[in-house]
Amino acid sequence: FDRLEYLKLFGNPTFFDSLRQVHNPIHPLFLLVFWIFNKIPLGTTLLRAEFLNGILGFLTTVVIYKISRSLIITVFAAFTP
């Protein structure tokens with residue numbers, strides 16, 4: 001529902017203009033990262049937002065894999081004689 005609002009916010013000339021126009025609750029760090037990434041000349045605002053979503057999704061998958069892998073190794077090590 002907020003997708004169109006976010007796209008308009010990312011297009012603002014300054015980050016503080018974006019913060020003034022947003023409704024609560026919103027994550028300022030999320031807005032800052034997307035606003036900065038939107039300044040990269042790469043297609044449309046929607047393309048930049050989706051590209052960053054892909055990057056963040058991949059990084060999240062890597063972190064979850066690393067955590068789960070270390071937990072599995074720890075559990076196996078605990079139960080081996």
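Index from 1, following the sequence. All values below come from the heavy atoms of this structure, side chains included, with hydrogens, waters and symmetry mates left out.
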Colleague: Please enumerate all residues that pass side-chain contact (heavy atoms from CB on, under 4.5 Å) together with Thr44, with sequence neighbours excluded.
Modeller: Leu46, Leu47

Colleague: Would you sort out whether Asn53 and Glu50 count as a side chain to side chain contact (heavy atoms under 4.5 Å, CB included), showing the intermediate values?
Modeller: CA-CA 5 Å; Asn53 279 334; Glu50 294 298 327; 4.1 Å; yes

Colleague: Other members of the hydrophobic cluster containing Ile64, with the 4.5 Å side-chain heavy-atom rule, please.
Modeller: none

Colleague: Can you name the residues that form a side-chain contact (heavy atoms from CB on, under 4.5 Å) with Val62, not counting sequence neighbours?
Modeller: Phe58, Lys66

Colleague: For residues Leu59 and Ile36: do they belong to one hydrophobic cluster (side chain heavy atoms under 4.5 Å, members Ile, Leu, Val, Met, Phe, Trp, Tyr)?
Modeller: yes

Colleague: Check side-chain contact (heavy atoms from CB on, under 4.5 Å) between Leu56 and all other residues, then give those that pass, not counting sequence neighbours.
Modeller: Phe34, Leu52

Colleague: Under the side-chain contact (heavy atoms from CB on, under 4.5 Å) test, which residues partner Leu71, sequence neighbours left out?
Modeller: Ile67

